[in-house]
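Single-structure report; data block below.
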Amino acid sequence: MKKQLTAFQQVAVDLRGRIRNGQYQPGQKLPSEYELAESFQVSRLTVRKAVAALIDEHLLAKEPGRGTYVMRPGKISSGSGGLQGFTEKARQEGRQPGTKVLSCKEVSVIPEKVRIFFGEESVGGQVEPLLHISRLRYLEGEPMTVEDLYLPKRYLPDVSDELLEGSLFQELEKQVEIGYSHQEVEAVLVDDQLAALLQVADGAPLLLVHSLTYSPAGRPVLYDTSFYRADKYTFRNTLQRKRYR
């Protein structure tokens, strides 16, 4: 049985919806607690708790003596919460992800770098069947990244567009444990095809991210080449200093 929301949780859901559908714009001051209480037919304390919850989600900001404002969305930060997929990270930040599947097919012609990555999984010199998946990812309805992925077909035995519109990491983890990922990030300029998909100007900067994802035992799981909008995305890593004797 689905747990019923408390009064303040329901108000938070409704306020979040108003922000996402544009009724309350970034930088706009919210109505007063009294006005919101009247609008939602709840107490001012309930409104105050709902607003506090959205402040914790970084959707709202309170300026003492002036009121509460809708925050302007910052760049989504990959890596700040450990190894997470796009969907997981967006939802953690209280933002709505979306996906358009551009293509998904089993491939026999495999780029050399991909073949080498999955080489240890080969049988009799032949790499096992791989899926080649391309997805366009959205955040709050705005295109953010184009993903180009290769992975063993056995990790997604019942693949479908509907399945690929959700969290790929969560689907993979039904078949294999995800342990770690090596990433390389470089700056590139957009080409015509990517510009059209990501709705950016010709020559705009992108972040090209190569990710090699493994199981804890070092088994290759996912080969990922993705293009991220540099104006909307940032990567954060924690580097530990080595100590030398």
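Taking CG of Leu59 as the start and CG of Leu15 as the end, the distance is 10.0 Å to the nearest 0.5 Å. Here the straight-line distance linking atom OH of Tyr69 with atom OH of Tyr24 works out to 14.5 Å at 0.5 Å rounding. From Gln23, atom CD reaches atom CD of Gln28 across 8.5 Å, with rounding to the nearest 0.5 Å. Atoms CD and OG1, from Glu33 and Thr68 in turn, are 7.0 Å apart once rounded to the nearest 0.5 Å. With rounding to the nearest 0.5 angstrom, the CG atom of Leu36 is 11.5 Å from the CZ atom of Arg48. Residue Gln170 holds its CD atom at 9.5 Å from CD1 of Ile178, rounded to the nearest 0.5 Å.
Of all the heavy atoms in Ser181 and Ser211, the pair that sits closest is OG-CB, 3.8 Å. Closest approach of Asp148 to Ser226, counting heavy atoms only: N-OG, 4.3 Å.
Leu212 is not listed as a side-chain neighbour of Pro220, based on a closest heavy-atom distance of 4.5 Å or more. With a 4.5 Å cut-off on side-chain heavy atoms, Tyr214 and Phe117 count as touching. Counting heavy atoms from C-beta outward, Arg135 and Ser103 have side chains that stay 4.5 Å or more apart. Side-chain contact between Leu222 and Phe169 is present, with heavy atoms from C-beta onward closer than 4.5 Å. Annotation: side chain of Asp202 is not in contact with side chain of Leu189 (no heavy-atom distance under 4.5 Å). Under the 4.5 Å side-chain criterion, counting only non-hydrogen atoms from C-beta, Arg229 is in contact with Glu142. Looking at Val51 and Val11, their side chains never come closer than 4.5 Å, going by heavy atoms from C-beta outward. Between Leu131 and Leu156, the closest side-chain pair of non-hydrogen atoms falls below 4.5 Å.
Sorted by first and then second residue, the ring pair (Phe, Tyr, Trp, His ring centres under 6.0 Å) pairs with a member in residues 134-153 read His132-Tyr150; sequence neighbours excluded.
The cluster map of Ile, Leu, Val, Met, Phe, Trp and Tyr, joined by side-chain heavy atoms under 4.5 Å apart, puts Val101 and Leu168 in the same cluster. The hydrophobic clustering, which links ILVMFWY residues whose side-chain heavy atoms are closer than 4.5 Å, places Leu206 and Val209 apart. Hydrophobic clustering, with ILVMFWY side chains joined whenever heavy atoms are under 4.5 angstrom apart, groups Leu139 together with Leu207. The cluster map of Ile, Leu, Val, Met, Phe, Trp and Tyr, joined by side-chain heavy atoms under 4.5 Å apart, puts Val159 and Leu136 in different clusters. One hydrophobic cluster, built from ILVMFWY side chains closer than 4.5 Å, cannot hold both Ile55 and Phe8; they sit in different ones.
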Q: For side chain to side chain contact (heavy atoms under 4.5 Å, CB included), just list the numbers for Val221 and Leu172, CA-CA rounded to whole Å, side-chain angles, deciding distance to a tenth of an Å, and then say yes or no.
A: CA-CA 9 Å; Val221 174; Leu172 287 173; 4.2 Å; yes
(Q) Please determine whether side chain to side chain contact (heavy atoms under 4.5 Å, CB included) holds for the pair Leu130 and Lys153, giving the CA-CA distance in whole Å, both sets of side-chain angles, and the decisive distance to 0.1 Å. (A) CA-CA 5 Å; Leu130 297 181; Lys153 184 179 179 181; over 6 Å; no
Q: Go through the steps to decide whether Ser39 and Arg18 satisfy the test side chain to side chain contact (heavy atoms under 4.5 Å, CB included), and finish with yes or no.
A: CA-CA 13 Å; Ser39 175; Arg18 292 184 183 187; 3.4 Å; yes
Q: Apply side chain to side chain contact (heavy atoms under 4.5 Å, CB included) to the pair His210 and Glu186, showing each step before the final yes or no.
A: CA-CA 9 Å; His210 303 278; Glu186 60 181 297; 3.3 Å; yes
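Under a cut-off of 6.0 angstrom, the local environment of CD in Glu162 is sparse, with at most 12 non-hydrogen atoms contributed by other residues, nucleotides or ligands. Environment of CD in Glu184: sparse, with no more than 12 heavy atoms of neighbouring residues, nucleotides or ligands closer than 6.0 Å.
Listed for the Gln25 side chain is a donor-acceptor partner under 3.5 Å among the backbone atoms of Gly22. Listed for the Glu38 side chain is no donor-acceptor partner under 3.5 Å among the backbone atoms of Glu35.
Remark: the Thr145 side chain and the Arg137 side chain contain no N/O donor-acceptor pair separated by less than 3.5 Å.
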Which donor-acceptor pairs under 3.5 Å do the side chains of residues 190-197 make with protein atoms, sequence neighbours left out?
| unit_1 | atom_1 | unit_2 | atom_2 | d |
| --- | --- | --- | --- | --- |
| Asp191 | OD1 | Gln193 | N | 3.3 |
| Asp191 | OD1 | Leu194 | N | 2.8 |

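Under the side-chain contact (heavy atoms from CB on, under 4.5 Å) criterion, Lys113 pairs with Tyr223, sequence neighbours left out.
Tested against Ser134 for a side-chain contact (heavy atoms from CB on, under 4.5 Å), the candidates Leu164, Leu149, Leu102, Thr225 yield a single pass: Leu102.
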